[in-house]
*Asks:* 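One structure, as structure tokens, below. Some questions next.
Position 1 is the first residue of the sequence, and the numbers go up from there. Atom set for the values below is all heavy atoms of this structure, side chains included, hydrogens, waters and symmetry mates excluded.
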Amino acid sequence: MYAAKQLGERYGGNLAAYVPFKTMNNPTLLARWVTDFTEPAYSNGYPFDIGFIYSEDLLGLQLYAELTLLDINRNPLAGGQQTSYLLNEDGSWLLNEDGSSFIIADQTQVNTPLAAQLGLNRLHINGNFPREAFYMNLDLKYNDEQNVNHTVTQTQTIRIDDAVDDNSVYLRWIGLSGSWEYYRFVFNQEVSLDVQNAVIIKNFVSDWENQEGIEQVISKTAGQKMKVMAEDLSVNDIKGLQSIKYSPKVQMLVNKNPVKWQTIVINTATYSEYETRNGQAPFSVTFNMPSINIQTQ
């Protein structure tokens, strides 16, 4: 993560803006959540998490996540603020294939401290929010000895996606800062079949009457391609989605219960993203599905 950024950033390092401290007098310098999106999109019923950094300065503190549901005008809903301490179901860490810690926020329990796990962590969000909720605000906080609360992160607004769930394609990928990003494509997706690399041999014919053919195919390669599309996206969403095109790890959700992901390969190309004068534009990307196992002669 550190080597990917350019020189000239604050503190000379790329993750300075994401590192939280106990106290920060300037609210604009609070730690950022680790995401490529200005406003990530959450879909009810789909796995989702957002990354944050647990720094040495937070050791010994009982961090908790504060989630505030907002209406379509971004005003708080009645009873929309939910405070939950961060914990794992059994107090242990659920490690993923990328080695990062997966923190589970359980809204039914309180006063459970977050274990001191330094580095990049992922806060899991899982809830069926009401139809009146269009956005949510997320903060990480702690209370000191005088029970005064302190905020250690910037307020992250997350959009609650209310699009119809009709053959949606749900993708996740490792973003620029090392955390997983998620997006659900709900537009009509295009599937194509790519067959190529046919290996052909020419047979010597001695019996023309009974010979099946002069040329014979002994092998082929084939695979499906899918083009996912989204219409009328904002430039901020497109900039967040750009990292999917050069991410080293992209996966598609193939099963919700239990959650199962399938690794896919994004086609490399030069992409047309958006026009600078327009505020909205369509977005599309094509990826290869797993190869088809073909019989050979």
Side-chain angles (χ1 to χ4, degrees), residues 1 15 17-18 20 30-54 65-72 74 76-77 80 82 84 86 96 98 100-105 107 120-130 133-140 151-163 165 168-187 228 230-247 249-253 256 259 261 273-274 280-281 283 285:
M1 291 185 294
L15 292 180
Y18 302 94
L30 290 173
R32 293 171 52 189
W33 292 83
V34 184
T35 176
D36 293 340
F37 288 95
T38 302
E39 292 184 354
Y42 170 79
S43 298
N44 284 328
Y46 285 84
F48 178 86
D49 58 75
I50 185 169
F52 69 94
I53 289 180
Y54 196 113
E66 186 174 86
L67 188 148
T68 305
L69 299 180
L70 309 176
D71 61 18
I72 193 171
R74 300 178 185 258
L77 294 176
Q82 303 172 3
S84 59
L86 304 182
N96 289 266
D98 60 352
S100 64
S101 303
F102 200 60
I103 299 172
I104 300 173
Q107 297 176 0
L120 180 63
N121 294 267
R122 296 157 58 193
L123 175 63
H124 178 58
I125 298 177
N126 182 21
N128 288 316
F129 299 109
F134 287 82
Y135 303 91
M136 66 178 90
N137 282 343
L138 188 62
D139 298 278
L140 280 187
T151 303
V152 298
T153 61
Q154 296 182 15
T155 299
Q156 177 64 62
T157 300
I158 299 174
R159 176 171 55 87
I160 301 176
D161 187 8
D162 62 345
D165 191 5
S168 300
V169 178
Y170 194 63
L171 300 182
R172 75 170 184 175
W173 64 97
I174 297 178
L176 292 175
S177 300
S179 191
W180 286 104
E181 308 289 343
Y182 299 84
Y183 198 85
R184 182 164 67 101
F185 293 87
V186 296
F187 195 75
V228 292
E231 293 288 339
D232 299 330
L233 293 184
S234 67
V235 173
N236 284 335
D237 278 353
I238 292 176
K239 288 182 177 180
L241 283 166
Q242 281 178 343
S243 62
I244 193 176
K245 297 177 177 178
Y246 38 76
S247 172
K249 184 77 169 180
V250 184
Q251 296 182 326
M252 178 177 65
L253 183 69
K256 288 185 181 180
V259 173
W261 299 92
E273 297 293 279
Y274 58 88
Q280 291 181 323
F283 178 90
V285 65

*Asks:* Taking all non-hydrogen atoms of both residues, which atom of Q251 and which atom of W261 are closest, and how far apart?
*Replies:* OE1-CB, 3.5 Å

*Asks:* I need the L120 CG to S179 OG distance, nearest 0.5 Å.
*Replies:* 5.0 Å

*Asks:* Start with the C-alpha distance between I244 and L171, add both sets of side-chain angles, then the distance that settles side chain to side chain contact (heavy atoms under 4.5 Å, CB included), and finish with yes or no.
*Replies:* CA-CA 9 Å; I244 193 176; L171 300 182; 3.7 Å; yes

*Asks:* Might you work through the salt bridge (Lys or Arg N to Asp or Glu O under 4.0 Å) test for E181 and R122, ending with a clear yes or no?
*Replies:* CA-CA 11 Å; E181 308 289 343; R122 296 157 58 193; over 6 Å; no

*Asks:* Would you check if L123 and N121 make a side-chain contact, meaning some heavy-atom pair closer than 4.5 Å?
*Replies:* no

*Asks:* Examine R172 relative to Y182 and say whether NZ or CZ is less than 6.0 Å from the centre of the six-membered ring and inside a 45° cone about the ring axis.
*Replies:* no

*Asks:* Which pairs pass side-chain hydrogen bond (donor to acceptor under 3.5 Å, both in side chains) with one or both residues in residues 232-243, sequence neighbours excluded?
*Replies:* D36-S243, W173-S243, Q242-E273

*Asks:* Kindly compute the distance separating CD1 (I72) from CD1 (I160), expressed to the nearest 0.5 Å.
*Replies:* 12.0 Å

*Asks:* Within the structure provided, determine whether I158 and F48 are in side-chain contact (heavy-atom separation under 4.5 Å).
*Replies:* yes

*Asks:* In this structure, is the centre-to-centre distance between the rings of F52 and Y54 below 6.0 Å?
*Replies:* no

*Asks:* Is M136 close to T68 at the side-chain level, that is, under 4.5 Å between some pair of heavy atoms?
*Replies:* no

*Asks:* Taking the side chain as C-beta and beyond, is there a heavy-atom pair between V259 and L253 under 4.5 Å?
*Replies:* yes

*Asks:* Taking side chain as C-beta onward, heavy atoms only, is L176 less than 4.5 Å from Y246?
*Replies:* yes

*Asks:* Locate the shortest heavy-atom distance separating N44 from F129; write the atom from each residue and the value.
*Replies:* OD1-N, 3.3 Å

*Asks:* Nearest 0.5 Å, what's the CZ-OG1 distance between F37 and T157?
*Replies:* 15.0 Å

*Asks:* Rounded to the nearest 0.5 Å, how far does CD of Q156 lie from CG of N137?
*Replies:* 9.0 Å

*Asks:* Can you confirm whether I125 sits close enough to D49 that some side-chain heavy atom of one is under 4.5 Å from a side-chain heavy atom of the other?
*Replies:* no

*Asks:* Within the 4.5 Å heavy-atom criterion, are K245 and V285 side-chain neighbours or not?
*Replies:* yes

*Asks:* Could you tell me whether Y274 and F283 have their ring centroids closer than 6.0 angstrom?
*Replies:* no

*Asks:* Taking atom OG1 of T155 and atom CZ of R32, what is their separation to the nearest 0.5 Å?
*Replies:* 14.0 Å

*Asks:* What distance separates W180 CH2 from S247 OG, expressed to the nearest 0.5 Å?
*Replies:* 7.0 Å

*Asks:* Nearest heavy-atom pair of A230 and L233: which atoms, and what distance?
*Replies:* CB-CD1, 3.7 Å

*Asks:* Which heavy atom of W33 sits nearest to which heavy atom of Q154, and what is that distance?
*Replies:* NE1-O, 3.0 Å

*Asks:* Could you tell me if Y46 and D161 have a donor-acceptor pair between their side chains, going purely by distance under 3.5 Å?
*Replies:* no

*Asks:* Can Y170 and M252 be said to form a side chain to side chain contact (heavy atoms under 4.5 Å, CB included), step by step?
*Replies:* CA-CA 6 Å; Y170 194 63; M252 178 177 65; over 6 Å; no

*Asks:* Please find the pair of heavy atoms, one from V186 and one from A163, that lie closest to each other, and give the distance.
*Replies:* CG2-CB, 3.9 Å

*Asks:* Work out which heavy atom in S168 is nearest to a heavy atom in R184; give both atom names and the distance.
*Replies:* OG-NH1, 2.9 Å

*Asks:* Quick one: does L30's side chain get under 4.5 Å of T153's, heavy atoms only?
*Replies:* no

